Amino acid sequence: MRAAIPPDTRLCVTIHFLVTGMSFKTLSFIYALGRKTVSDIVYETCNAIWDVLQPIYLRVPVTHQEWRHIADK
């Protein structure tokens with residue numbers, strides 16, 4: 001059984017992809033990982049980032065006042 005890919009490597013691969021837009025194939029050569037592994041890492045890490053940051057920064061307004069505040073801007 002292989003060792004798990006460390007979280008810091010997973011984050012590096014994802015940020016490298018998001019910043020450069022490199023193909024998964026190119027990233028797989030750079031990080032010595034399989035193309036499918038790189039694809040899975042990017043997908044999983046982006047989902048984790050979304051799950052944590054979405055409620056904080058993209059919260060859906062709940063009250064009438066919150067909607068009115070947005071409309072007034």
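Because the structure is predicted, anything quoted here is derived from the model rather than measured.
Within the hydrophobic cluster formed by Ile, Leu, Val, Met, Phe, Trp and Tyr side chains joined at under 4.5 Å, directly or through other members, I70 stands alone, with no partner residue.
Rounding to the nearest 0.5 Å gives a distance of 10.5 Å between SG of C12 and CD1 of I41. Atom-to-atom distance recorded for K36:NZ and D40:CG is 3.5 Å, nearest 0.5 angstrom.
Connection of I5 to L18 is established within a shared hydrophobic cluster, with ILVMFWY side chains joined at heavy-atom distances below 4.5 Å, either directly or through further cluster members. In terms of hydrophobic clustering, with Ile, Leu, Val, Met, Phe, Trp and Tyr side chains grouped at heavy-atom distances under 4.5 Å, V13 and I15 are assigned to different clusters.
Identified under the side-chain hydrogen bond (donor to acceptor under 3.5 Å, both in side chains) test for residues 3-30, with sequence neighbours left out: R10-E44, T14-T45, H16-Y31, S23-T26. The stretch residues 33-68 participates, sequence neighbours left out, in no ring-ring contact (aromatic ring centres under 6.0 Å, His included) pair at all.
Looking at heavy atoms from C-beta onward, E66 lies in side-chain contact with T63 at the 4.5 angstrom threshold. Between Q54 and R59, every side-chain heavy-atom pair lies at or beyond the 4.5 Å cut-off.
Contact between M22 and F17 at its shortest, heavy atoms only, is O-CD1, 3.2 Å.
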